[in-house]
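Notes follow once the structure below has been shown.
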Amino acid sequence: QVQLVESGGGLVQAGGSLRLSCAASGSIFSIADMVWHRQAPGKQRELVATIARSGRTNYADSVKGRFTISRDNAQNTVELHMSSLKPEDTALYHCGADVLVPGTPTYMAYWGKGILVTVSS
């Protein structure tokens, strides 16, 4: 089985910074894309950032220039560095990964339980 565990969330004032981390563990042969999603109260889940195994990244327009996604392929970890935070960034942040489990033919998506980020005005 594969587990993803997020850490680093919390309460921060507007304009501040936070770093989220996510570690994947378990039966892992390879990880392709890793992502961060978020879901604010009363809103739909939205994609924040993605990073391919090659390091190629993609960001939601709402976070471009403020958030940076990075990963460590050897450690199976992904981070999200968030700066110039705004109250509208308040949400439950989930990390996800497309994982190839040994003995299986295809990559499957796994998700962490999420971690809360609250930005006060």
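None of the values given here were measured: they were computed from a predicted structure. The first residue of the sequence shown is numbered 1, and numbering continues consecutively from there.
- Two residues are said to be in side-chain contact when any heavy atoms from C-beta on lie closer than 4.5 Å; Val117 and Val119 meet this criterion.
- The two residues Glu46 and Ser62 have their closest heavy-atom pair at OE1-OG, 4.3 Å.
- Rounding to the nearest 0.5 Å gives a distance of 14.0 Å between OG of Ser121 and NZ of Lys86.
- Linking Ile, Leu, Val, Met, Phe, Trp and Tyr residues whenever their side-chain heavy atoms come within less than 4.5 Å places Met108 and Val101 in a single cluster.
- Looking only at side-chain heavy atoms (C-beta outward), Thr77 and Ser21 stay at 4.5 Å or farther from each other.
- Contacts of Asp89 classified as salt bridge (Lys or Arg N to Asp or Glu O under 4.0 Å), with partners at least two apart in sequence or in another chain: Arg38, Arg66.
- To the nearest 0.5 angstrom, Met82 atom CE is 11.0 Å from Arg19 atom CZ.
- Of all heavy-atom pairs between Trp111 and Arg45, the closest is CE3-NH2, 3.4 Å.
- Grouping the Ile, Leu, Val, Met, Phe, Trp and Tyr side chains by contacts below 4.5 angstrom, directly or via other members, places Trp36 apart from Leu116.
- Between Gln1 and Tyr110, some side-chain heavy-atom pair lies under the 4.5 Å cut-off.
- Hydrophobic clustering (ILVMFWY, side-chain heavy atoms < 4.5 Å, transitive): Leu92 and Val48 are in distinct clusters.
- Connection of Val2 to Val78 is established within a shared hydrophobic cluster, with ILVMFWY side chains joined at heavy-atom distances below 4.5 Å, either directly or through further cluster members.
- Side-chain contact between Asn73 and Arg53 is present, with at least one heavy-atom pair separated by less than 4.5 Å.
- Separation of atoms CG (Leu85) and OG1 (Thr90) is listed at 8.5 Å; rounding is to 0.5 Å.
- When all heavy atoms are compared, the tightest approach of Ala14 to Pro87 is CB-CD, 4.1 Å.
- Counting heavy atoms from C-beta on, the side chains of Thr50 and Ile69 never come closer than 4.5 Å.
- Two residues are said to be in side-chain contact when any heavy atoms from C-beta on lie closer than 4.5 Å; Leu20 and Glu6 fail this criterion.
- Residues Tyr107 and Met34 do not share a hydrophobic cluster, clusters being chains of Ile/Leu/Val/Met/Phe/Trp/Tyr side chains in contact below 4.5 Å.
- Under the 4.5 Å side-chain criterion, counting only non-hydrogen atoms from C-beta, Ile31 is in contact with Asn76.
- In this structure, CG in Asp33 is found 11.5 Å from OG1 in Thr57, a value given to the nearest 0.5 Å.
- Aromatic ring pairs are classed by plane angle as parallel below 30°, tilted from 30° to 60° and perpendicular above 60°; the pair Phe67 and Tyr93 is tilted.
- Side-chain polar atoms of His81 and Glu79 form a donor-acceptor pair below 3.5 angstrom.
- Taken to the nearest 0.5 Å, the CD1 atom of Ile28 stands 10.5 Å off from the CG atom of Leu100.
- Of the listed residues (Thr118, Val12, Ile115), just one forms a side-chain contact (heavy atoms from CB on, under 4.5 Å) with Leu18, and that residue is Val12.
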